[in-house]
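Here's the structure we're looking at; comments come further down.
Here is how names work: the chains are called A, B, and so on, in the same order as the sequence lines, proteins then strands, and each is numbered from 1.
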Number of protein chains: 2
Amino acid sequence: MSLPHAILGFLNVMPMTGYDLKTQAFDRSVAHFWPAVQPQIYRDLARLEAAGHVRSETEVQRGKPNRRVYHITPAGRTELDRWLRTSPAVPGHREPFLIQLFFGAGLANSELTALLQAQRAGHQARLDALQAVTIPPPAPADVRRQTLTRLTLDLGLHLERAYLNWLDDALRTVAALDPAPAPAPMTDTDA
Amino acid sequence: MSLPHAILGFLNVMPMTGYDLKTQAFDRSVAHFWPAVQPQIYRDLARLEAAGHVRSETEVQRGKPNRRVYHITPAGRTELDRWLRTSPAVPGHREPFLIQLFFGAGLANSELTALLQAQRAGHQARLDALQAVTIPPPAPADVRRQTLTRLTLDLGLHLERAYLNWLDDALRTVAALDPAPAPAPMTDTDA
DNA sequence: CGTAGCATGTAAACAGTTACATGATTGT
DNA sequence: ACAATCATGTAACTGTTTACATGCTACG
(Lines give C-alpha, C1' and ligand atoms only; values in the text may rest on other atoms or scores of the structure.)
Protein backbone atom coordinates (compact mmCIF):
# COMPACT_ATOMS: atom_id res chain seq x y z
CA MET A 1 0.00 0.00 0.00
CA SER A 2 2.59 2.51 1.04
CA LEU A 3 5.54 1.73 -1.15
CA PRO A 4 4.06 2.85 -4.49
CA HIS A 5 2.94 6.06 -2.85
CA ALA A 6 6.36 6.67 -1.39
CA ILE A 7 7.76 6.25 -4.90
CA LEU A 8 5.24 8.77 -6.19
CA GLY A 9 6.25 11.09 -3.40
CA PHE A 10 9.89 11.00 -4.47
CA LEU A 11 9.16 11.28 -8.17
CA ASN A 12 6.97 14.25 -7.38
CA VAL A 13 10.13 16.06 -6.30
CA MET A 14 12.19 15.01 -9.27
CA PRO A 15 12.47 12.32 -11.96
CA MET A 16 14.71 9.38 -11.07
CA THR A 17 15.71 5.88 -12.04
CA GLY A 18 14.90 2.81 -9.98
CA TYR A 19 18.48 2.71 -8.86
CA ASP A 20 18.39 6.34 -7.75
CA LEU A 21 15.21 5.69 -5.83
CA LYS A 22 16.87 2.87 -3.93
CA THR A 23 20.27 4.40 -3.24
CA GLN A 24 19.53 8.13 -3.09
CA ALA A 25 15.95 8.37 -2.00
CA PHE A 26 14.92 5.39 0.10
CA ASP A 27 18.19 4.43 1.73
CA ARG A 28 18.89 8.03 2.73
CA SER A 29 15.60 9.15 4.13
CA VAL A 30 12.66 6.86 4.69
CA ALA A 31 14.64 3.65 5.24
CA HIS A 32 14.26 4.09 8.99
CA PHE A 33 10.55 3.57 8.83
CA TRP A 34 10.07 1.94 5.45
CA PRO A 35 12.98 -0.10 4.15
CA ALA A 36 12.66 -1.11 0.52
CA VAL A 37 14.66 -3.54 -1.58
CA GLN A 38 15.35 -3.18 -5.28
CA PRO A 39 13.09 -5.82 -6.82
CA GLN A 40 10.17 -4.27 -5.05
CA ILE A 41 10.96 -0.82 -6.36
CA TYR A 42 11.31 -2.07 -9.92
CA ARG A 43 8.11 -4.04 -9.67
CA ASP A 44 6.14 -1.14 -8.31
CA LEU A 45 7.56 1.18 -10.94
CA ALA A 46 6.29 -1.23 -13.60
CA ARG A 47 2.88 -1.29 -11.94
CA LEU A 48 2.75 2.46 -11.59
CA GLU A 49 3.61 2.83 -15.25
CA ALA A 50 0.89 0.34 -16.19
CA ALA A 51 -1.54 2.39 -14.09
CA GLY A 52 -0.50 5.60 -15.83
CA HIS A 53 0.84 7.16 -12.62
CA VAL A 54 4.40 7.42 -13.94
CA ARG A 55 6.08 7.37 -17.32
CA SER A 56 9.67 6.67 -18.30
CA GLU A 57 12.22 7.39 -20.96
CA THR A 58 15.52 5.65 -21.57
CA GLU A 59 18.65 7.77 -21.51
CA VAL A 60 21.50 6.21 -23.45
CA GLN A 61 24.88 6.52 -21.76
CA ARG A 62 28.32 5.64 -23.06
CA GLY A 63 30.31 3.12 -21.05
CA LYS A 64 27.54 2.75 -18.48
CA PRO A 65 24.24 0.93 -18.75
CA ASN A 66 21.29 2.91 -19.98
CA ARG A 67 19.30 4.86 -17.43
CA ARG A 68 15.55 4.46 -17.40
CA VAL A 69 14.29 7.67 -15.90
CA TYR A 70 10.80 7.75 -14.41
CA HIS A 71 8.69 10.83 -13.88
CA ILE A 72 5.29 11.34 -12.32
CA THR A 73 2.22 12.07 -14.48
CA PRO A 74 -0.68 14.37 -13.58
CA ALA A 75 -2.75 11.27 -12.79
CA GLY A 76 0.02 10.13 -10.46
CA ARG A 77 0.06 13.49 -8.74
CA THR A 78 -3.68 13.31 -8.24
CA GLU A 79 -3.38 9.85 -6.75
CA LEU A 80 -0.57 10.91 -4.44
CA ASP A 81 -2.60 13.86 -3.26
CA ARG A 82 -5.63 11.75 -2.58
CA TRP A 83 -3.59 9.19 -0.67
CA LEU A 84 -1.83 11.79 1.46
CA ARG A 85 -5.17 12.86 2.90
CA THR A 86 -6.37 9.32 3.59
CA SER A 87 -5.92 8.25 7.18
CA PRO A 88 -4.26 4.83 7.42
CA ALA A 89 -5.37 2.24 9.95
CA VAL A 90 -2.90 1.60 12.75
CA PRO A 91 -1.19 -1.58 11.60
CA GLY A 92 -0.83 -4.64 13.80
CA HIS A 93 2.48 -4.63 15.56
CA ARG A 94 4.76 -7.66 15.06
CA GLU A 95 7.55 -8.27 17.49
CA PRO A 96 9.21 -11.65 16.94
CA PHE A 97 11.33 -11.29 20.01
CA LEU A 98 8.27 -11.28 22.23
CA ILE A 99 7.28 -14.71 20.99
CA GLN A 100 10.54 -16.03 22.32
CA LEU A 101 10.04 -14.33 25.61
CA PHE A 102 6.45 -15.53 25.85
CA PHE A 103 7.49 -19.14 25.38
CA GLY A 104 10.86 -18.82 27.08
CA ALA A 105 9.97 -19.98 30.60
CA GLY A 106 12.01 -23.12 30.07
CA LEU A 107 15.20 -21.18 29.47
CA ALA A 108 17.68 -20.49 32.24
CA ASN A 109 17.96 -16.94 33.59
CA SER A 110 21.32 -16.61 31.91
CA GLU A 111 19.83 -17.57 28.56
CA LEU A 112 17.00 -15.07 28.94
CA THR A 113 19.50 -12.41 29.88
CA ALA A 114 21.60 -13.19 26.83
CA LEU A 115 18.57 -12.83 24.55
CA LEU A 116 17.60 -9.55 26.15
CA GLN A 117 21.11 -8.22 25.86
CA ALA A 118 21.34 -9.12 22.20
CA GLN A 119 18.13 -7.18 21.60
CA ARG A 120 19.52 -4.35 23.64
CA ALA A 121 22.59 -4.13 21.44
CA GLY A 122 20.45 -4.12 18.30
CA HIS A 123 18.16 -1.37 19.53
CA GLN A 124 21.02 0.68 20.86
CA ALA A 125 22.59 0.50 17.41
CA ARG A 126 19.31 1.70 15.91
CA LEU A 127 19.14 4.58 18.31
CA ASP A 128 22.74 5.53 17.56
CA ALA A 129 22.01 5.45 13.84
CA LEU A 130 19.01 7.75 14.30
CA GLN A 131 20.99 10.13 16.45
CA ALA A 132 23.75 10.25 13.87
CA VAL A 133 21.38 11.65 11.27
CA THR A 134 22.10 15.32 10.85
CA ILE A 135 19.51 17.57 9.35
CA PRO A 136 21.16 20.23 7.15
CA PRO A 137 20.65 23.90 8.16
CA PRO A 138 17.14 24.96 7.23
CA ALA A 139 16.73 26.60 3.87
CA PRO A 140 13.95 29.11 4.60
CA ALA A 141 11.62 27.80 1.88
CA ASP A 142 11.94 24.33 3.31
CA VAL A 143 11.03 24.88 6.94
CA ARG A 144 7.78 23.03 6.62
CA ARG A 145 9.28 20.03 4.90
CA GLN A 146 12.17 19.88 7.33
CA THR A 147 9.93 20.11 10.33
CA LEU A 148 8.00 17.09 9.14
CA THR A 149 11.21 15.19 8.41
CA ARG A 150 12.43 15.95 11.91
CA LEU A 151 9.16 14.62 13.29
CA THR A 152 9.64 11.31 11.51
CA LEU A 153 13.08 10.98 13.07
CA ASP A 154 11.66 11.93 16.45
CA LEU A 155 9.22 9.06 16.43
CA GLY A 156 12.09 6.67 15.85
CA LEU A 157 13.94 8.20 18.79
CA HIS A 158 10.89 7.99 21.05
CA LEU A 159 10.22 4.38 20.18
CA GLU A 160 13.82 3.19 20.45
CA ARG A 161 14.26 4.89 23.79
CA ALA A 162 11.06 3.31 25.06
CA TYR A 163 12.23 -0.07 23.83
CA LEU A 164 15.57 0.32 25.58
CA ASN A 165 13.88 1.38 28.80
CA TRP A 166 11.72 -1.69 28.66
CA LEU A 167 14.74 -3.92 27.98
CA ASP A 168 16.48 -2.52 31.04
CA ASP A 169 13.37 -3.18 33.12
CA ALA A 170 13.16 -6.68 31.70
CA LEU A 171 16.81 -7.38 32.46
CA ARG A 172 16.27 -6.36 36.08
CA THR A 173 13.12 -8.44 36.30
CA VAL A 174 14.81 -11.53 34.92
CA ALA A 175 17.79 -11.06 37.21
CA ALA A 176 15.38 -11.11 40.16
CA LEU A 177 13.63 -14.30 39.04
CA ASP A 178 14.01 -17.46 41.06
CA PRO A 179 16.79 -19.13 39.11
CA ALA A 180 15.04 -22.51 39.04
CA PRO A 181 13.98 -23.10 35.47
CA ALA A 182 10.24 -23.45 35.09
CA PRO A 183 8.76 -26.91 35.21
CA ALA A 184 8.84 -28.11 31.62
CA PRO A 185 5.43 -27.93 30.02
CA MET A 186 3.59 -31.25 29.97
CA THR A 187 5.10 -33.58 27.40
CA ASP A 188 4.43 -37.04 26.07
CA THR A 189 7.67 -38.37 27.41
CA ASP A 190 7.69 -37.14 30.98
CA ALA A 191 3.97 -37.32 31.73
CA MET B 1 9.70 -17.22 10.64
CA SER B 2 7.97 -16.75 13.95
CA LEU B 3 4.49 -18.04 13.35
CA PRO B 4 5.35 -21.75 13.03
CA HIS B 5 7.40 -21.50 16.19
CA ALA B 6 4.60 -19.81 18.05
CA ILE B 7 2.36 -22.70 16.99
CA LEU B 8 4.95 -25.15 18.29
CA GLY B 9 5.07 -23.18 21.51
CA PHE B 10 1.34 -23.57 22.04
CA LEU B 11 1.23 -27.21 21.02
CA ASN B 12 4.06 -27.84 23.45
CA VAL B 13 1.64 -26.93 26.23
CA MET B 14 -1.22 -29.03 24.93
CA PRO B 15 -2.59 -30.56 21.74
CA MET B 16 -5.06 -28.39 19.85
CA THR B 17 -6.94 -27.96 16.61
CA GLY B 18 -6.25 -25.12 14.18
CA TYR B 19 -9.43 -23.49 15.33
CA ASP B 20 -8.38 -23.70 18.97
CA LEU B 21 -5.04 -22.19 18.11
CA LYS B 22 -6.74 -19.23 16.50
CA THR B 23 -9.50 -18.55 18.98
CA GLN B 24 -8.07 -19.79 22.28
CA ALA B 25 -4.35 -19.41 21.89
CA PHE B 26 -3.45 -16.62 19.49
CA ASP B 27 -6.37 -14.27 19.92
CA ARG B 28 -6.14 -14.43 23.69
CA SER B 29 -2.46 -14.03 24.28
CA VAL B 30 0.05 -13.22 21.57
CA ALA B 31 -2.32 -11.31 19.28
CA HIS B 32 -0.97 -8.03 20.65
CA PHE B 33 2.44 -8.61 19.20
CA TRP B 34 1.77 -11.30 16.61
CA PRO B 35 -1.69 -11.32 15.08
CA ALA B 36 -2.45 -14.42 13.03
CA VAL B 37 -5.31 -15.22 10.68
CA GLN B 38 -6.77 -18.65 10.15
CA PRO B 39 -5.51 -19.56 6.69
CA GLN B 40 -2.00 -18.90 7.86
CA ILE B 41 -2.39 -21.15 10.86
CA TYR B 42 -3.79 -23.97 8.77
CA ARG B 43 -1.04 -23.59 6.20
CA ASP B 44 1.71 -23.60 8.75
CA LEU B 45 0.18 -26.60 10.49
CA ALA B 46 0.31 -28.44 7.17
CA ARG B 47 3.95 -27.42 6.73
CA LEU B 48 4.86 -28.39 10.26
CA GLU B 49 3.26 -31.77 9.73
CA ALA B 50 5.17 -32.22 6.48
CA ALA B 51 8.37 -31.36 8.34
CA GLY B 52 7.58 -33.89 11.05
CA HIS B 53 7.35 -31.27 13.78
CA VAL B 54 3.71 -32.00 14.54
CA ARG B 55 1.30 -34.86 13.93
CA SER B 56 -2.48 -34.96 13.93
CA GLU B 57 -5.40 -37.28 14.46
CA THR B 58 -9.00 -36.74 13.57
CA GLU B 59 -11.55 -36.92 16.36
CA VAL B 60 -15.02 -37.73 15.13
CA GLN B 61 -17.79 -35.76 16.82
CA ARG B 62 -21.55 -36.09 16.59
CA GLY B 63 -23.45 -33.05 15.35
CA LYS B 64 -20.28 -31.01 15.04
CA PRO B 65 -17.59 -31.17 12.39
CA ASN B 66 -14.65 -33.45 13.05
CA ARG B 67 -11.79 -32.06 15.04
CA ARG B 68 -8.30 -32.47 13.70
CA VAL B 69 -6.12 -32.36 16.76
CA TYR B 70 -2.44 -31.55 16.35
CA HIS B 71 0.28 -32.44 18.80
CA ILE B 72 3.97 -31.70 18.85
CA THR B 73 6.52 -34.43 18.10
CA PRO B 74 9.94 -34.86 19.75
CA ALA B 75 11.50 -33.38 16.61
CA GLY B 76 9.19 -30.39 16.94
CA ARG B 77 10.17 -29.96 20.56
CA THR B 78 13.82 -30.03 19.60
CA GLU B 79 13.25 -27.42 16.94
CA LEU B 80 11.30 -25.19 19.31
CA ASP B 81 14.04 -25.45 21.88
CA ARG B 82 16.71 -24.57 19.38
CA TRP B 83 14.74 -21.60 18.09
CA LEU B 84 14.02 -20.25 21.57
CA ARG B 85 17.74 -19.83 22.16
CA THR B 86 18.42 -18.20 18.80
CA SER B 87 18.67 -14.46 18.97
CA PRO B 88 16.51 -12.83 16.29
CA ALA B 89 17.72 -9.82 14.34
CA VAL B 90 15.92 -6.60 15.16
CA PRO B 91 13.43 -6.35 12.32
CA GLY B 92 13.06 -3.25 10.15
CA HIS B 93 10.30 -1.07 11.47
CA ARG B 94 7.47 -0.16 9.06
CA GLU B 95 5.33 2.81 9.87
CA PRO B 96 3.05 3.72 6.97
CA PHE B 97 1.84 6.84 8.69
CA LEU B 98 5.32 8.34 8.60
CA ILE B 99 5.38 8.15 4.83
CA GLN B 100 2.38 10.42 4.76
CA LEU B 101 3.96 12.79 7.18
CA PHE B 102 7.23 12.76 5.29
CA PHE B 103 5.54 13.74 2.04
CA GLY B 104 2.79 15.81 3.63
CA ALA B 105 4.31 19.29 3.37
CA GLY B 106 1.70 20.24 0.79
CA LEU B 107 -1.17 19.59 3.17
CA ALA B 108 -2.75 22.36 5.22
CA ASN B 109 -2.09 22.47 8.96
CA SER B 110 -5.67 21.40 9.58
CA GLU B 111 -5.21 18.37 7.37
CA LEU B 112 -2.00 17.36 9.11
CA THR B 113 -3.71 17.79 12.45
CA ALA B 114 -6.60 15.60 11.35
CA LEU B 115 -4.20 12.83 10.30
CA LEU B 116 -2.32 13.05 13.58
CA GLN B 117 -5.51 12.94 15.57
CA ALA B 118 -6.78 9.89 13.74
CA GLN B 119 -3.54 8.13 14.61
CA ARG B 120 -3.88 9.31 18.16
CA ALA B 121 -7.31 7.74 18.47
CA GLY B 122 -6.01 4.46 17.07
CA HIS B 123 -3.07 4.28 19.42
CA GLN B 124 -5.12 5.33 22.41
CA ALA B 125 -7.48 2.46 21.63
CA ARG B 126 -4.51 0.10 21.54
CA LEU B 127 -3.26 1.35 24.86
CA ASP B 128 -6.71 0.96 26.38
CA ALA B 129 -6.92 -2.60 25.08
CA LEU B 130 -3.56 -3.46 26.62
CA GLN B 131 -4.49 -1.89 29.92
CA ALA B 132 -7.73 -3.85 29.97
CA VAL B 133 -5.84 -7.15 29.98
CA THR B 134 -5.97 -8.62 33.44
CA ILE B 135 -3.45 -11.21 34.48
CA PRO B 136 -5.06 -13.84 36.73
CA PRO B 137 -3.65 -14.23 40.25
CA PRO B 138 -0.34 -16.09 40.09
CA ALA B 139 -0.48 -19.83 40.55
CA PRO B 140 2.79 -20.46 42.41
CA ALA B 141 4.13 -22.95 39.86
CA ASP B 142 3.55 -20.41 37.12
CA VAL B 143 5.38 -17.39 38.45
CA ARG B 144 8.08 -17.62 35.84
CA ARG B 145 5.71 -17.97 32.92
CA GLN B 146 3.50 -15.16 34.20
CA THR B 147 6.39 -12.84 34.73
CA LEU B 148 7.41 -13.27 31.13
CA THR B 149 3.83 -12.76 29.96
CA ARG B 150 3.63 -9.57 31.96
CA LEU B 151 6.84 -8.38 30.32
CA THR B 152 5.37 -8.86 26.85
CA LEU B 153 2.41 -6.71 27.84
CA ASP B 154 4.73 -4.13 29.35
CA LEU B 155 6.55 -3.62 26.07
CA GLY B 156 3.25 -2.86 24.39
CA LEU B 157 2.46 -0.33 27.09
CA HIS B 158 5.86 1.31 26.82
CA LEU B 159 5.67 1.58 23.04
CA GLU B 160 2.09 2.84 22.87
CA ARG B 161 2.78 5.46 25.52
CA ALA B 162 5.86 6.60 23.64
CA TYR B 163 3.87 6.78 20.42
CA LEU B 164 1.16 8.86 22.09
CA ASN B 165 3.75 11.20 23.60
CA TRP B 166 5.23 11.71 20.18
CA LEU B 167 1.81 12.34 18.64
CA ASP B 168 1.14 15.02 21.24
CA ASP B 169 4.50 16.63 20.48
CA ALA B 170 3.75 16.44 16.78
CA LEU B 171 0.32 18.02 17.22
CA ARG B 172 1.90 20.94 19.08
CA THR B 173 4.62 21.28 16.46
CA VAL B 174 2.15 21.32 13.60
CA ALA B 175 -0.06 23.82 15.39
CA ALA B 176 2.94 26.13 15.62
CA LEU B 177 3.80 25.84 11.94
CA ASP B 178 3.43 28.85 9.68
CA PRO B 179 0.01 28.09 8.22
CA ALA B 180 1.12 28.85 4.66
CA PRO B 181 1.16 25.56 2.83
CA ALA B 182 4.58 24.65 1.51
CA PRO B 183 5.47 25.64 -2.01
CA ALA B 184 4.33 22.76 -4.16
CA PRO B 185 7.25 20.62 -5.26
CA MET B 186 8.45 21.33 -8.76
CA THR B 187 6.00 20.02 -11.30
CA ASP B 188 5.70 19.84 -15.09
CA THR B 189 2.74 22.12 -15.14
CA ASP B 190 3.77 25.01 -12.95
CA ALA B 191 7.47 25.15 -13.77
C1' DC C 1 43.66 -8.36 -9.88
C1' DG C 2 39.81 -7.96 -7.06
C1' DT C 3 36.26 -4.95 -5.22
C1' DA C 4 33.00 -1.32 -5.32
C1' DG C 5 29.85 1.44 -7.88
C1' DC C 6 26.59 2.09 -11.74
C1' DA C 7 22.20 0.19 -13.56
C1' DT C 8 19.27 -2.98 -15.23
C1' DG C 9 16.25 -6.55 -14.08
C1' DT C 10 14.20 -11.97 -13.41
C1' DA C 11 12.92 -16.02 -10.66
C1' DA C 12 11.37 -18.10 -6.85
C1' DA C 13 10.03 -18.54 -2.28
C1' DC C 14 7.80 -17.01 1.81
C1' DA C 15 4.47 -14.17 4.51
C1' DG C 16 0.14 -12.08 5.12
C1' DT C 17 -4.72 -10.64 3.90
C1' DT C 18 -9.42 -11.09 2.08
C1' DA C 19 -13.07 -13.53 0.29
C1' DC C 20 -15.41 -17.69 -0.36
C1' DA C 21 -17.54 -22.37 0.76
C1' DT C 22 -19.72 -25.83 3.80
C1' DG C 23 -22.83 -27.40 7.36
C1' DA C 24 -24.62 -28.45 11.95
C1' DT C 25 -26.08 -26.50 16.68
C1' DT C 26 -27.32 -23.09 19.97
C1' DG C 27 -29.06 -18.82 21.45
C1' DT C 28 -32.11 -14.16 20.63
C1' DA D 1 -35.81 -16.13 11.20
C1' DC D 2 -31.13 -14.59 12.01
C1' DA D 3 -26.76 -14.48 14.01
C1' DA D 4 -23.11 -16.66 16.46
C1' DT D 5 -20.18 -20.60 17.55
C1' DC D 6 -17.91 -24.78 16.16
C1' DA D 7 -14.58 -26.45 12.63
C1' DT D 8 -12.86 -27.37 8.48
C1' DG D 9 -10.44 -25.53 4.71
C1' DT D 10 -9.46 -23.38 -0.60
C1' DA D 11 -8.45 -19.67 -3.85
C1' DA D 12 -6.61 -15.62 -5.11
C1' DC D 13 -4.02 -11.78 -4.29
C1' DT D 14 -0.56 -8.53 -2.41
C1' DG D 15 3.70 -7.70 -0.15
C1' DT D 16 8.52 -8.85 1.12
C1' DT D 17 12.89 -11.14 0.84
C1' DT D 18 16.82 -13.68 -1.21
C1' DA D 19 19.39 -15.22 -4.83
C1' DC D 20 20.74 -14.94 -9.45
C1' DA D 21 22.35 -12.75 -13.96
C1' DT D 22 24.66 -9.19 -16.79
C1' DG D 23 28.34 -6.03 -17.96
C1' DC D 24 31.13 -1.90 -17.83
C1' DT D 25 34.27 1.53 -15.26
C1' DA D 26 37.13 3.35 -11.65
C1' DC D 27 39.93 2.69 -7.60
C1' DG D 28 43.39 0.57 -4.67
- Message: Is it the case that the side chains of A/Thr58 and A/Arg68 hold a donor-acceptor pair, with the cut-off being a distance below 3.5 Å and no angle test?
- Response: no
- Message: Strictly below 4.0 Å: does A/Arg94 bring a side-chain N or O up to OP1 or OP2 of C/dT17?
- Response: yes
- Does the distance from a Lys or Arg side-chain N to an Asp or Glu carboxylate O, for B/Asp178 and A/Arg144, drop under 4.0 Å? no
- Task: For DNA chain C, determine which residues of residues 29-47 of chain A have any heavy atom closer than 4.0 angstrom to one of its atoms, and list them numerically.
- Result: A/Gln38, A/Pro39, A/Tyr42
- Task: Tell me whether the centres of the aromatic rings in B/His93 and A/Phe33 are closer together than 6.0 Å.
- Result: no
- Note on the structure: In numerical order, the residues of residues 18-28 of chain A whose heavy atoms come under 4.0 Å of DNA chain C are A/Gly18, A/Tyr19
- Message: One thing to verify: whether B/Arg85 and A/Glu111 come together as a salt bridge, which I'm taking to mean a side-chain N less than 4.0 angstrom from a carboxylate O.
- Response: yes
- Task: Determine whether A/Leu98 and B/Trp34 make a side-chain contact, defined as any pair of heavy atoms from C-beta on separated by less than 4.5 Å.
- Result: no
- Is any side-chain N or O of B/Arg67 closer than 4.0 Å to OP1 or OP2 of D/dA7? yes
- Check the surroundings of atom CZ in A/Arg55: do more than 12 heavy atoms from other residues, nucleotides or ligands lie under 6.0 Å from it? no
- Task: Side-chain contact test, heavy atoms from C-beta onward, threshold under 4.5 Å: evaluate it for B/Leu107 versus A/Asp81 and give yes or no.
- Result: no
- Query: According to the interplanar angle, ranging from 0 to 90°, do the rings of A/Tyr163 and A/His123 count as parallel (below 30°), tilted (30 to 60°) or perpendicular (above 60°)?
  - Reply: parallel
- Nucleotide nearest A/Thr17 when distance is taken to its side chain, options C/dA7, D/dT16, D/dA7: C/dA7
